[in-house]
Amino acid sequence: MKELEYPFCSADIRRYVKKWRKQLVNQSDLLPKRVAILSGSTVGQMKDILELFLLNQGFCPEMYEGQYNNFYEEAVFETEKLIAFQPDIIYIHTSVKNIQEWPEAEDEASQVEAKLELLLHKFIQIWDSLEQKIGCLIVQNNFEMLPYRVMGNMDCAHITGRQYFLEEVNRRLVQEIQKRTMVFVNDIHYLSAYYGLERWFDDRAWYTFKYAFSPDAIPLTAYNISNIIKSYYGKNKKAVIVDLDNTLWKGVIGEDGTNGIELGIETPEGMMYAEFQEYLKNLRDRGALLNICSKNEPNAAEAGFSHPFSVLRAEDVTITKCNWERKSVNILEMSRQLNLNTDSFVFIDDNPAEQEEVKNNISDITVLPIQDPSDMRRLLDGSGYFEITNYSHEDLRRNDLYKGNIQREEALTEGNYQDYLLGLRMRVEFAGVSAANIDRVTQLINKTNQFNLTGLRLGRTEVEKFAQRNISICGTLADKFGNHGLVSVILGEIVDNRTITVPVWIMSCRVFKRQMEYAMFDRLVELCRQHDICRIQGDYIVTNKNMPVAGLYADLGFIQKEEKNGHQVWEYSIPEDYQNRNQVIEVIR
């Protein structure tokens, strides 16, 4: 819904929240999630607006509202109702209003330290209890700054200053959260500064309704929380596609030449474009794919990136399309080359006509609504399209991995496809889910859409518990062009002595059509035999994105047993003379 995309109107969201909810709740393919809010203040509007944003991002949330200002008790002692609700996500809605002990003017350093430790210990108890009793995603607010300073500027520097106290609390909270895999920060310290402290706090709303901050700031906060949840469950964007002229630099390089474009410290506009390039470079270095789509001569990008003040270089770009074709056509070709759905892309172009052409021809792509180039960084950053909750070595290598795939495609000729696969010299190593790979496994489960037989999403704790009592297979693939990393996972649930079901089978789009699925199935059969299991049951639940694997079970020799509302159940009896299907990938023992 366009009205819920950044930048949005907070007043309209609050006014139309019920109307828009009715429009969104009947969408297909919504991912069910149970969301509990533990209250440090009144959460009624927060609950409704968070639900609205989650619906817009593809979730079907069932909401639980804790008792007013009872977050500590419900998390640590009175957990029965929360446990019965079985939340997938718990949001702890706290603020500076929930700090009870502040430093006093006469406090010594040791007394201030004791108050810091007491407050920190309270939240550690909450997280420990929730992780032990429930084991789900936890979103925790840090603390905003106060809108007043009793000591003036000294308030941030003196040990008894409240601003100093808050800074220290936030620093230590983050240090503790960094030790945990299921707790994430909702950074209201940043949000309140971004929004403006004078607007963030509304004393009348607090005294009258016990809203910890202004009702007008609730949509921004709810949107921020929804971005964390969206990222955790793999609904982020994956790639940026940017224009060149007047998007990455000021001017038209084909007319002005490399020395004629404005870029860098010599002009105000040049600095603006250089800083936007720097933002894109940082985004690329953290896992987003950076691509160029420009109506230009083929060497335009290379010429522009050779500018002495260009932050971006040609090697930072995964795919470059510089030609005179319609941009929507080029983007569809990029989608094919990258094997990514077009809803994974964010398109950035200063020209409104090009924005419109792409939107009209690719319905599910995200087009940044640029009206002025100075807004590009703000809009892209505020959107939360590339929110990070899981940051791994795979993210650092992603652009190189996709570039390797393009090299593989270029190596494919009209000759025999089997010979092409053999020529890749592929090697696979298998392992189970372990402490070393569980973060990557969880990330892959939650971000994979096309080769995902059931669309199931699991948190880290759920993956860990499942793997401990069942069969898990993690496949790592390499070839002559490089190492793809961990690219496929099967989680098999042993239901009796003779049968196993497969609730999770996923594979990265980077390795489609390489017979990796055959290698994974061979390994599953091998493990089944070790456990004297002779029957494999596989589910295929149809989604909007997993049609590429609609025929997988039939291809493997399964028999369809039933189908109801897009949920197919397939069955395979392992023959005594089973022959491995993978003929092109070497299995490393």
Side-chain angles (χ1 to χ4, degrees), residues 37-43 66 68-78 90-132 138-203 205-207 210-214 217 221 224-225:
I37 303 178
L38 300 189
S39 159
S41 58
T42 299
V43 297
Y68 169 75
N69 199 22
N70 206 40
F71 65 96
Y72 176 75
E73 290 79 5
E74 284 188 273
V76 179
F77 303 114
E78 303 161 7
I90 297 174
Y91 166 50
I92 304 171
H93 180 62
T94 49
S95 72
V96 291
K97 302 295 186 182
N98 301 114
I99 297 179
Q100 297 174 345
E101 282 200 71
W102 294 95
E104 302 292 342
E106 67 275 9
D107 278 354
E108 301 291 336
S110 59
Q111 294 171 294
V112 174
E113 179 64 25
K115 291 176 179 179
L116 281 167
E117 288 295 329
L118 183 63
L119 180 60
L120 186 63
H121 180 67
K122 182 176 183 178
F123 285 97
I124 290 174
Q125 278 187 291
I126 290 171
W127 306 331
D128 284 346
S129 176
L130 294 176
E131 287 179 334
Q132 180 182 359
I138 300 169
V139 179
Q140 171 69 63
N141 285 356
N142 58 7
F143 292 100
E144 67 272 65
M145 290 290 99
L146 291 165
Y148 58 84
R149 302 177 300 172
V150 173
M151 301 176 72
N153 288 289
M154 183 62 76
D155 212 72
C156 73
H158 195 274
I159 197 168
T160 65
R162 292 194 174 190
Q163 304 290 15
Y164 175 91
F165 187 81
L166 287 170
E167 292 280 6
E168 190 64 18
V169 168
N170 280 339
R171 185 181 67 82
R172 297 191 191 189
L173 273 176
V174 169
Q175 285 180 338
E176 288 297 325
I177 287 173
Q178 286 172 341
K179 302 174 185 177
R180 300 165 186 264
T181 58
M182 297 296 289
V183 184
F184 297 90
V185 178
N186 180 45
D187 189 4
I188 66 171
H189 179 75
Y190 167 82
L191 291 181
S192 60
Y194 178 84
Y195 196 71
L197 288 176
E198 284 191 348
R199 292 194 301 151
W200 178 268
F201 288 100
D202 183 336
D203 286 343
W206 170 249
Y207 298 135
K210 287 297 182 285
Y211 279 114
F213 42 81
S214 167
T221 311
N224 206 57
I225 299 163

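Counting begins at 1 with the first residue of the sequence.
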For the atom pair CG (Leu130) and CE (Met182), what is the distance rounded to the nearest 0.5 Å?
11.0 Å
Rounded to the nearest 0.5 Å, how far apart are CZ of Phe123 and CG of Asn141?
8.5 Å
Any chance you could measure Thr94, atom OG1, to Ile126, atom CD1, to the nearest 0.5 Å?
7.5 Å
From the list Val112, Leu119, Asp107, Leu146, side chain to side chain contact (heavy atoms under 4.5 Å, CB included) partner of Trp102 resolves to Leu146
Got a sec, which residues hit salt bridge (charged side-chain N to carboxylate O under 4.0 Å, His left out) with Glu101, two or more places apart in sequence or on another chain?
none
Heavy atoms of Trp127 and Ile177 approach each other most closely as CH2-CG1, 3.6 Å
So does Gln100 have more than 12 non-hydrogen atoms from other groups sitting under 6.0 Å from CD?
no
Should Arg172 and Glu117 be marked as a side chain to side chain contact (heavy atoms under 4.5 Å, CB included) after you check the CA-CA gap, both sets of side-chain angles, and the distance that decides it?
CA-CA 9 Å; Arg172 297 191 191 189; Glu117 288 295 329; 3.0 Å; yes
Look up atom CE in Met154 and atom CD1 in Ile159, then write down how far apart they are to the nearest 0.5 Å.
12.5 Å
Arg162 versus Val150: any side-chain heavy-atom pair under 4.5 Å?
no
Consider only side-chain N and O atoms of Thr160 and Glu106, and report whether a donor and an acceptor are under 3.5 Å apart.
no
Hey, could you give me the CG/CD1 distance between Asp187 and Ile225, rounded to the nearest 0.5 Å?
12.0 Å
Quick check: closest heavy atoms across Cys156 and Tyr164, and the distance to 0.1 Å?
O-CD1, 3.6 Å
Check whether any side-chain heavy atom of Trp200 sits under 4.5 Å from a side-chain heavy atom of Glu144, and report yes or no.
yes
Which atom of Ser129 lies closest to which atom of Val76, heavy atoms considered:
OG-CA, 3.6 Å
Under the salt bridge (Lys or Arg N to Asp or Glu O under 4.0 Å) definition, can you give me all pairs with a residue in residues 123-132, not counting sequence neighbours?
Asp128-Arg180, Glu131-Arg180
Measure the spacing between CD1 of Ile37 and CD1 of Ile90 and express it to the nearest 0.5 Å.
11.5 Å
Atom of Ile92, atom of Phe71 and distance for their closest heavy-atom approach:
CG2-CD1, 4.2 Å
Report the C-alpha distance between Asn224 and Tyr190 in whole Å, list the side-chain angles of each, state the deciding distance to 0.1 Å, and finish with yes or no for side chain to side chain contact (heavy atoms under 4.5 Å, CB included).
CA-CA 11 Å; Asn224 206 57; Tyr190 167 82; over 6 Å; no
Are Leu116 and Glu113 side-chain neighbours, meaning at least one heavy-atom pair lies under 4.5 Å?
yes
Under 4.0 Å between a Lys/Arg side-chain N and an Asp/Glu carboxylate O for Arg171 and Glu167?
no
With Tyr72, which of Lys122, Glu78, Gln125 fulfils side-chain hydrogen bond (donor to acceptor under 3.5 Å, both in side chains)?
Gln125
Between Asp202 and Tyr211, does the side chain to side chain contact (heavy atoms under 4.5 Å, CB included) criterion hold? Intermediate values first, please.
CA-CA 8 Å; Asp202 183 336; Tyr211 279 114; over 6 Å; no
Check Asn142 against Leu173 and note the closest heavy-atom contact, atom names and distance.
CA-CD1, 4.3 Å
Given side chains that start at C-beta, do those of Ser41 and Phe213 come closer than 4.5 Å, heavy atoms only?
no
Where His93 and Asn98 come nearest, the two heavy atoms and their spacing
O-OD1, 4.3 Å
